[in-house]
Amino acid sequence: MERKKIRVRAIVRSEEDLYITTPFIKLDSAMKLSGLADTGGMAKMLIEDGLVKVNDEVCTQRGKKLYPGDKLFYGNSLFVVKKHDED
């Protein structure tokens, strides 16, 4: 009996919190704030190319509003939007 090699690729996601003080944050701004994109233009290209997911769905709207509890995915990174309570 012949054995076959099977390659398994594990996807490791780092999960981080993205704190906001406003009721929502737009997707392109969230990309910049999280460090996933250095500039607004870079964020726009990544979003329009369908490389960014919001709550497990591809999102191509750079002005999409993200609220606390929403999840932003890009590559192996996952950011969870959370409300930062000001004291």
Side-chain angles (χ1 to χ4, degrees):
M1 194 167 179
E2 191 175 317
R3 291 187 182 206
K4 293 183 181 180
K5 288 185 180 181
I6 299 175
R7 292 186 183 195
V8 178
R9 190 176 110 197
I11 298 175
V12 179
R13 279 208 167 117
S14 64
E15 182 176 323
E16 296 184 49
D17 295 333
L18 182 65
Y19 288 99
I20 60 172
T21 57
T22 55
F24 64 86
I25 186 170
K26 291 185 179 179
L27 179 55
D28 58 348
S29 296
M31 295 281 294
K32 291 188 296 182
L33 181 62
S34 66
L36 294 174
D38 294 330
T39 65
M42 182 179 176
K44 177 182 174 181
M45 288 185 348
L46 295 172
I47 295 164
E48 287 180 351
D49 288 346
L51 301 175
V52 178
K53 290 183 179 182
V54 174
N55 299 326
D56 284 324
E57 293 184 16
V58 173
C59 182
T60 56
Q61 302 169 328
R62 69 180 210 208
K64 169 96 173 144
K65 293 178 182 177
L66 304 182
Y67 296 92
D70 284 339
K71 296 179 181 181
L72 166 62
F73 300 90
Y74 172 69
N76 290 333
S77 297
L78 162 62
F79 285 86
V80 180
V81 179
K82 295 196 174 182
K83 181 74 174 164
H84 178 72
D85 296 323
E86 295 182 53
D87 293 337

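When a residue number appears, it is its place in the shown sequence, counting from 1.
- Contact detail for T60 and G50: the closest heavy-atom pair is CG2-CA, 4.2 Å.
- Nearest heavy atom pair, residue L27 against residue C59, reads CD2-SG, 3.9 Å.
- Put simply, OG on S77 and CG on L18 are 11.5 Å apart, with the number rounded to the nearest 0.5 Å.
- Formation of a donor-acceptor pair under 3.5 Å by the D70 side chain with backbone atoms of Y67 is found in this model.
- One hydrophobic cluster holds both M42 and V54 under the rule that ILVMFWY side chains link at heavy-atom gaps under 4.5 Å.
- At most 12 non-hydrogen atoms from other residues, nucleotides or ligands lie less than 6.0 angstrom from NZ of K65.
- The distance from atom OG1 of T39 to atom CE of M45, rounded to the nearest 0.5 Å, is 7.5 Å.
- Across all non-hydrogen atoms, the minimal contact from G63 to K26 is O-CG, 3.8 Å.
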For this session: Walk me through it: do D56 and K71 pass the test side-chain contact (heavy atoms from CB on, under 4.5 Å)?
Result: CA-CA 8 Å; D56 284 324; K71 296 179 181 181; over 6 Å; no
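- In this structure, CD in E16 is found 8.5 Å from OG in S34, a value given to the nearest 0.5 Å.
- When all heavy atoms of K44 and R62 are compared, the closest pair comes out as CD-NH1, 2.8 Å.
- Counting all heavy atoms, side chain and backbone alike, Y74 lies closest to V52 at CD1-CG2, 4.2 Å.
- For the pair F79/L33, no side-chain contact is recorded, criterion being any heavy-atom separation below 4.5 Å from C-beta on.
- In this structure, L72 and V81 have side chains that are not in contact, with every pair of non-hydrogen atoms separated by 4.5 Å or more.
- In this structure, the separation between CG on N55 and CG on L66 is 8.0 Å, given to the nearest 0.5 Å.
- Neither I47 nor V58 shares a network with the other; the hydrophobic side chains, linked directly or stepwise wherever heavy atoms of I, L, V, M, F, W or Y lie under 4.5 Å apart, form separate groups for each.
- Across all their heavy atoms, K32 and G40 have their closest contact at CD-N, 3.4 Å.
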